[in-house]
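Both ligands and their constituent atoms are indexed starting at 1 by order of listing.
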Amino acid sequence: MGFSGFALVGVVFSCLLVATSAGNFYQDFDITWGGNRARIFKGGQLLSLSLDRVSGSGFQSKNEYLFGRIDMQLKLVAGNSAGTVTAYYLSSQGPTHDEIDFEFLGNVSGDPYIVHTNVFTQGKGNREQQFYLWFDPTRNFHTYSIIWKAQHIIFLVDNIPIRVFKNAESIGVPFPKSQPMKIYSSLWNADDWATRGGLVKADWSKSPFTAYYRNFNVTSFKSTTSLSDAGLLTNELDAHGRRRLRWAQKYFMIYNYCTDLKRFPQGLPPECRRGRFL
Ligand SMILES: *[C@@H]1O[C@H](CO)[C@@H](O)[C@H](O)[C@H]1NC(C)=O
Ligand SMILES: *[C@@H]1O[C@H](CO)[C@@H](O)[C@H](O)[C@H]1NC(C)=O
């Protein structure tokens, strides 16, 4: 079969939508730690996590997903959030787990949060990209999304793609595609590294630190991976999406493992050499 025939079949079969749900925190999530530092309000429409001197808190989804789109609106810890990390991620279980991460690293009042992203496959990460945001994430709710398909993972902020991690199995890079993942979130103290590399500590006189969650929406995909030559299935972003991705990466990216030659003196990871490291 010629290239165009193959690509067409790929587009037709690449993704079938099976279920979408816009949710209720009571129904779809369990509070997993932190006791009453994690709370669900408004009949399940709003959730908050908090952190004090003694403990942080966290929750996880009841269901697990193999491919899907997850949207969540977060309003991050306001004021002096230095030393705090709010993590929102997908993860499977066990020592060879896969994981797709958003982590929000707090800062002193008026200084910017860092959005840290990473992708782990079979227990190995080391694929960080970090960004500043183009708004104050503590004033209002904003939507943070992960699109996870067999061909790629896309991180979005208010529907603007900030990062695409492509399936590069064809050049030997493992990709998360067989272990179902749950959705997790937690708020904890990471003042040994989070803010200016650990220079700025949490100010416990300002605690408890609180982050809010609402309007999560999970759309689970069932994906046929038999045609999974990712190289051929490159329909991830249209021209508009690619323009916005370039904008976010040009103006807001502050760290990219793919350009960190000091860290990889033996040579950059193979996925970084595939044309542009999207
Ligand atoms: C949930 O997400 C899906 C897929 O992006 C979208 O079609 C649907 O309108 C969303 N539902 C809500 C309630 O936001
Ligand atoms: C906090 O603010 C400082 C100074 O503007 C900045 O260098 C740093 O990247 C910001 N974010 C974090 C999480 O440290």
Quiz prompt | ring pair (Phe, Tyr, Trp, His ring centres under 6.0 Å), paired with Trp148, selected from Tyr65, Phe221, Phe67, Phe175 | solution = Phe67
Quiz item: Counting each atom of ligand 2 from 1 as listed, which ones have a heavy atom of Ile114 under 4.0 Å away?
Solution: 9 (O), 11 (N), 12 (C), 13 (C)
Practice problem: Just jot down the ligand 2 atoms closer than 4.0 angstrom to any heavy atom of Ala194, in number order. | Solution: 13 (C), 14 (O)
Quiz item: Would you say Gly197 contacts ligand 2, with heavy atoms under 4.0 Å as the rule?
Solution: no
Exercise. Go through ligand 2 atom by atom and flag the ones less than 4.0 Å from a non-hydrogen atom of Gly106.
Key: 13 (C)
Exercise. Nearest 0.5 Å please: distance from the CZ atom of Phe209 over to the CZ atom of Arg53.
Key: 9.0 Å
Quiz prompt | Partner of Thr117 under side-chain contact (heavy atoms from CB on, under 4.5 Å), chosen from Tyr255, Phe155, Tyr89 | solution = Phe155
Exercise. Quick one: look up the protein heavy atom nearest atom 10 (C) of ligand 2 and list residue, atom name and how far away it is.
Key: Asn107 ND2, 2.4 Å
Quiz prompt | Residue selection (non-hydrogen contact nearest atom 4 (C) of ligand 2) among Val108, Val85, Leu105, Asp111 | solution = Asp111
Quiz prompt | Nitrogen or oxygen of Thr195 less than 3.5 angstrom from that of ligand 2 | solution = no
Practice problem: Find all atoms of ligand 2 within a distance of less than 4.0 Å from any non-hydrogen atom belonging to Arg196, and give their numbers and elements. | Solution: 3 (C), 12 (C), 14 (O)
Quiz item: What is the closest protein heavy atom to atom 7 (O) of ligand 2, and at what distance does it sit?
Solution: Tyr132 OH, 3.9 Å
Quiz prompt | Ring center gap for Phe252 and Trp247 short of 6.0 angstrom | solution = yes
Quiz item: Would one find an N or O of Tyr113, backbone or side chain, under 3.5 Å from an N or O of ligand 2?
Solution: no
Quiz item: Is the distance between the ring centroids of Tyr88 and Phe102 under 6.0 Å?
Solution: yes
Quiz prompt | Numbered atoms and elements of ligand 1 in range of Thr219, under 4.0 angstrom, heavy atoms | solution = 2 (O), 3 (C), 4 (C)
Quiz prompt | Distance filter under 4.0 Å to Arg69 heavy atoms, resulting ligand 1 atoms | solution = 5 (O)
Quiz item: Do the ring centers of Phe216 and Phe25 come within less than 6.0 Å of each other?
Solution: yes
Exercise. Output yes when Arg139 and Asp136 qualify as a salt bridge under the 4.0 Å nitrogen-oxygen rule, no when they do not.
Key: no
Quiz item: Quick one: which of Gln179, Glu169, Arg127 gives a side chain to side chain donor-acceptor pair (under 3.5 Å) with Thr121?
Solution: Arg127
